[in-house]
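Written below as structure tokens is the structure these notes are about.
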Amino acid sequence: MVESTNPSSASEPSRLSRSALLGWPEPCADMLAAIGGTPLIRLRRASEATGCAILGKAEFMNPGGSVKDRAALAIIEAAEAEGRLEPGSASGGTIVEGTAGNTGIGLTLVANARGYRSVIVMPETQSQEKIDFLRMIGADLRLVPAKPFRDPGNYVHVSRRLAEETGAVWANQFDNLANREGHRHGTAAEIWHQTGGALDAFTCSCGTGGTLAGASLGLHERAARDGRPAPRIVLADPEGSGLYGWVKSNDLSISGSSITEGIGQSRVPGNLEGVTIDDAVRIGDPEALEQVFDLLQFEGLSIGGSAGINVAAAIRVARALGPGHTVVTILCDSGARYQSKLFNPGFLREKGLPVPGWLA
Ligand code: PMP
């Protein structure tokens, strides 16, 4: 049995409002209970262009504005379960993390709600919007120069050392499997429920790999339980990342670069280990931006660069499968988080990238 009671099917999503579908839910106990449970939105033009149902999980609707609220909550709850953080204790506790920004935002908000301090280490190259937002919500923000992972000055290593030196909890989102577990029990369960188990493929990009790995594990588990074929799991990778080559030919070498933030890797994070990934597609920035601008202009959906990569990948996957299939992807965060880059004609022209018509 599929666990769905949702009146919509994957190919014909309901026109009922979200509230009507949810049956006017009871108030959430707190902000934490409002994380997850995001809508799965049919992307009209992508669906029409491919003859498939292309569905985007609206993760920008989480309280912190991104998919990373889920990982932040899962990591903090796991640390509490292990007794490394104690909610409500007089001294509280401190959680330290290296992040491209969104995990830092999620961790800081969850920490605020649970009575902890957060220390966030972030490369200074990330968007001003994320930096400003982290400061606004009270994160103890440490900006560091962007360095490759092999350099001890890389933000991940700086955050690990800071936690070691101060006795704080290190979130370690790349290798901490609580991250993918949060997606396995949350994101994957929701997608299965929202599609009635009728999805042919899932695709998304990887930063830590928590989303892709958790989706792969959770969707496979549910397909086996319900006696349905498992969806095809496809990595979407930007230029400048080694993961495409790793999936295709076990080769992590890197070429090119991308203006997208929060995705792409030069190593295989612990969260991706032992997980089924059937294929990979590589998406360049112009192809991703086309989707970012198109969705905003014609469907009123504001998404960030990694979501643009994901939607472009979903279109490629749908084309390869042929008409009549259902492809699910992740709308990781919103365009507002990158206004000064993705919607800045000067920045885009300097990078040789397309400028949206209404800003040109
Ligand atoms: N998109 C954005 C905007 C992100 O911040 C991140 C996380 N760094 C991702 C995608 C990737 O998610 P994950 O870490 O689960 O692979």
Side-chain angles (χ1 to χ4, degrees), residues 35-36 38 56-62 64-75 97-108 120-123 125-127 129-131 133-134 155-156 159 171-184 186-188 202-218 233-238 241 243 246-247 258-265 267-273 275 277 280 283 288 291-292 302-313 329-339 341-342:
I35 293 175
T38 53
K57 191 116 172 89
E59 293 302 303
F60 54 81
M61 290 178 72
N62 280 303
S66 90
V67 67
K68 299 302 302 202
D69 284 8
R70 294 177 185 267
L73 178 60
I75 286 169
E97 185 57 323
T99 159
N102 279 331
T103 303
I105 291 168
L107 281 173
T108 299
I120 302 304
V121 182
M122 182 171 155
T125 49
Q126 302 305 290
S127 80
E129 288 84 348
K130 287 190 289 191
I131 293 171
F133 196 77
L134 276 160
Y155 69 106
V156 176
S159 73
N172 188 18
Q173 57 172 333
F174 294 91
D175 299 315
N176 182 344
L177 301 189
N179 174 356
R180 76 184 192 192
E181 287 301 302
H183 289 287
R184 177 178 171 191
T187 319
F202 174 86
T203 184
C204 78
S205 46
C206 286
T208 64
T211 312
L212 186 73
S216 177
L217 292 168
I233 306 294
V234 182
L235 163 79
D237 215 27
S241 170
L243 293 176
W246 172 67
V247 170
S258 171
I259 64 163
T260 58
E261 297 185 19
I263 57 172
Q265 267 299 332
R267 65 174 183 125
V268 180
N271 272 288
L272 279 180
E273 275 168 21
V275 166
I277 303 173
I283 307 289
Q291 295 309 318
V292 171
S302 167
I303 61 168
S306 67
I309 296 262
N310 290 354
V311 174
T329 193
I330 302 287
L331 309 179
C332 318
D333 65 2
S334 106
R337 207 145 267 186
Y338 310 95
Q339 216 169 323
K341 288 185 173 176
L342 303 185

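Note that these values count all heavy atoms, side chains included, but never hydrogens, waters or copies made by symmetry. Atoms within each ligand, like the ligands themselves, are counted from 1 in listed order. Note that the structure is predicted; figures quoted are calculated from it, not measured.
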| request: Look at the side chain of Thr108 and the backbone N and O of Gly104, then say whether any donor-acceptor pair between them is shorter than 3.5 Å. | output: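 Flag set: sc Thr108 to bb Gly104 pair under 3.5 Å.
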
| In a check of side-chain hydrogen bond (donor to acceptor under 3.5 Å, both in side chains) between Glu59 and each of Thr187, Asn102, Thr38, which one passes? |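 Passing option: Thr38.
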
| said: So if I only count non-hydrogen atoms and take anything under 4.0 Å from ligand 1, which residues does that give, chain by chain? | reply: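 Within the 4.0 Å shell of ligand 1, which is judged on heavy atoms, sit Lys68, Asn102, Cys206, Gly207, Thr208, Gly209, Gly210, Thr211, Glu261, Gly262, Ile263, Ser306, Cys332, Asp333, Tyr338.
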
| query | Got a salt bridge between Glu261 and Lys341, using NZ or NE/NH1/NH2 to carboxylate O under 4.0 Å? | reply |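 Looking at Lys341 together with Glu261, the answer is yes, because their closest N to O distance falls below 4.0 Å.
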
| field | Taking every non-hydrogen atom, the tightest pair across Ile105 and Leu134 | value |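 For Ile105 and Leu134, the tightest heavy-atom pair comes out as N-CD2, 3.5 Å.
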
| query | Can you tell me how far CD of Glu97 sits from CG of Asn172, rounded to the nearest 0.5 angstrom? | reply |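 Answer rounded to 0.5 Å: 6.5 Å.
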
| field | Residue pair Gln173 / Thr103, side-chain donor-acceptor N/O under 3.5 Å | value |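 Per modelled atom types, Gln173 and Thr103 side chains form a pair under 3.5 Å.
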
